[in-house]
Amino acid sequence: MKACVDIGGTKVAVALVRHGAEPTADSSVPPPPFAIRMAEPTVKTGEPSALATQILGLIDRACAEVGAQRGDLRATGVSSCGPFVLRDACMEVANPNICGGLAGAPRGIANAWTQIPLERPLRDALRHVRVANDAVAALQAEMRWGALRGATDCAYVTWSTGVGVGLCVDGRVLRGKNGNAGHAGHSFVVDGSADALCGCGNRGDVESLVAGSAFERRFGMSARELLQAATGGDASALAATDVLCAEMGRLLYNLTATLDLQCFSLGGAVFLHHHDLLLPRLQREMQRYFPALTEGVELRVAGLGAQVGDYAALALVADEAEAAGSAPFTPA
């Protein structure tokens, strides 16, 4: 049995997969392989060790539900929001939607954390742990089972509580010196003096402008309320949606221009719940820029849909040999 851990700024989920139940890479639509799945709101109070404690507690509860124990797990894949900081070659989480100490009181996160131990406590408690940025892991899942099968120059983009990206160029998944490749949500597409505070401390980066957590501050409505109003034809909501898609579209263009990508898979709660509204607008934004670079670039809805987080963690330990040989992250 394997454990799949999906850590986000809003929730932590644990799913268990029985040995032999993993989907194959050639499945047209991979069947849900999970024996059980549990989720809780991401802990954001107490000591920084609270996150690892929460994960291990969920794993123990899930194992008990299927008559197993933590020691029965062959491998554990951990798909986590980042960025990461390396300490003794193990990843610690410095995510602005969990760590309240990064941007301070204005973000309303009731802790002073700046980074959270993750990989080391999990390795101390479990066998064969692999940790990766959630968007990078989702990219691998989409390439294995989803909308990016067969692509060698591609990206997965999540538009949710935050904005994350996983990148593949020339068939190689990019990770970077600390495992942080793809944190394009903290890049800038407008004047950085904009009055939009990101949890990382930036003002006016992409995440501070378009992430689900930014809608209330910018437009006085939640992402769901605004995008539902836009779908219903409300003129002011449609205008706001066009602004959001222009900003996200610039990010997609910048990635295309920099890496010469052929296709994107788009996921995350904000996008997936409203892709009929958002996808054509994002595609139009891409087509506005330098056709020599953007002509033929495809934007696709994530093939694994809302389950991409669980499959992302599974992709990290899908290969038995790779899972068994897992080791702490080694910087480039």
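FYI, the numbering just counts along the sequence from 1.
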**Study point:** Criterion side-chain contact (heavy atoms from CB on, under 4.5 Å) on Val78 and Arg130, from CA distance to verdict
**Key:** CA-CA 6 Å; Val78 182; Arg130 290 197 69 211; over 6 Å; no
*Would you check, one step at a time, whether the test side-chain contact (heavy atoms from CB on, under 4.5 Å) holds for Thr256 with Phe264?*
CA-CA 9 Å; Thr256 301; Phe264 290 80; 3.3 Å; yes
Dump the intermediate steps for side-chain contact (heavy atoms from CB on, under 4.5 Å) on Ser265 and Val157, then the final yes or no.
CA-CA 6 Å; Ser265 168; Val157 178; over 6 Å; no
I would like to know whether Ser187 and Leu251 meet side-chain contact (heavy atoms from CB on, under 4.5 Å); could you show each step before the answer?
-> CA-CA 8 Å; Ser187 62; Leu251 173 64; 3.7 Å; yes
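The environment of Glu47 atom CD is sparse: at most 12 non-hydrogen atoms of other residues, nucleotides or ligands sit within 6.0 angstrom.
Asp153 places no side-chain N or O within donor-acceptor distance of the main-chain N or O of Val169, the cut-off being under 3.5 Å. Under the 3.5 Å distance criterion, the side-chain polar atoms of Arg123 are left unmatched by any main-chain donor or acceptor of Glu119. Proximity of a side-chain donor or acceptor of Glu142 to a complementary backbone N or O of Leu304 within less than 3.5 Å is detected. Between the Glu207 side chain and the Val163 main chain, a donor and an acceptor come within less than 3.5 Å of each other. Put simply, the side chain of Asp134 never gets that close to the backbone of Ser79: no donor and acceptor are under 3.5 Å apart. Not a single donor-acceptor pair under 3.5 Å links the side chain of Lys44 to the backbone N or O of Gly100. Remark: the backbone N or O of Val85 is not paired with any side-chain donor or acceptor of Asn180 at under 3.5 angstrom. Side-chain atoms of Asp88 never come within 3.5 Å of backbone atoms of Cys90 as a donor-acceptor pair (strictly under, hydrogens ignored). Formation of a donor-acceptor pair under 3.5 Å by the Asp60 side chain with backbone atoms of Gly57 is not found in this model. Of the possible polar contacts, one joining the Gln283 side chain to the Val297 backbone as a donor-acceptor pair under 3.5 Å is found.
A donor-acceptor pair shorter than 3.5 Å cannot be found between the side chains of Glu216 and Ser222. Side-chain contact check for Thr161 and Thr10: at least one donor-acceptor pair (N or O, by modelled atom type) lies under 3.5 Å. No side-chain donor-acceptor contact under 3.5 Å links Gln262 and Glu298.
Rounded to the nearest 0.5 angstrom, His128 NE2 and Arg74 CZ are separated by 8.5 Å. Here the CD atom belonging to Gln287 is positioned 11.0 Å from the CG atom belonging to Leu282, to the nearest 0.5 angstrom. In this structure, the separation between CG on Leu226 and CG on Leu238 is 9.0 Å, given to the nearest 0.5 Å. Going from atom CG of Asn133 over to atom SG of Cys81 covers 8.5 Å, rounded to the nearest 0.5 Å. Atom CG of Leu293 and atom CE of Met286 lie 9.5 Å apart (nearest 0.5 Å). Taking NE2 of His183 as the start and NE2 of His186 as the end, the distance is 5.5 Å to the nearest 0.5 Å.
Minimum heavy-atom separation, Ala302 to Tyr156: CB-CE1, 4.2 Å. What you find for Asn97 and Ser213 is that their closest heavy atoms are OD1-OG, 4.2 Å. The two residues Ile7 and Leu118 come nearest to each other via the heavy atoms CD1-CD1, 3.8 Å. Looking at every heavy atom in both residues, Val136 comes nearest to Ala181 through CG2-O, 3.9 Å. Nearest heavy atom pair, residue Cys4 against residue Val17, reads SG-CG2, 3.9 Å. Heavy-atom minimum distance, Ala269 versus Ser160: N-OG, 3.5 Å.
Each of Val12, Val14, Ile59 was scored for a side-chain contact (heavy atoms from CB on, under 4.5 Å) with Gln54, with one residue passing: Val12.
Here the side chains of Leu299 and Leu252 are in contact, with some heavy-atom distance below 4.5 Å. Using a 4.5 Å heavy-atom threshold, the side chains of Glu92 and Ile116 count as separate. Looking at heavy atoms from C-beta onward, Leu259 lies in side-chain contact with Leu167 at the 4.5 angstrom threshold. Counting heavy atoms from C-beta on, the side chains of Phe84 and Val93 come closer than 4.5 Å. Proximity of Pro48 to Asn111: side-chain heavy atoms (C-beta onward) are nowhere separated by under 4.5 Å. Residues Met143 and Cys154 form a side-chain contact, since some pair of their non-hydrogen atoms from C-beta on lies under 4.5 Å apart. Side chains of Thr53 and Leu51 form no contact here, defined as non-hydrogen atoms less than 4.5 Å apart. Side-chain contact between Phe215 and Val270 is present, with at least one heavy-atom pair separated by less than 4.5 Å.
Linking ILVMFWY residues whenever their side-chain heavy atoms come closer than 4.5 Å, directly or via other members, leaves Val243 and Leu278 in distinct clusters.
Ion pairing between Arg281 and Asp242 holds under the 4.0 Å rule for side-chain N and carboxylate O. For Arg37 and Glu65, the salt-bridge test fails: no basic side-chain N is under 4.0 Å from an acidic carboxylate O. Between Glu247 and Arg218, at least one side-chain nitrogen of the basic residue sits less than 4.0 Å from a carboxylate oxygen of the acidic one, meeting the salt-bridge criterion.
In this structure, Phe271 and Trp159 have parallel ring planes: the angle between them is below the 30° cut-off, well short of the 60° mark.
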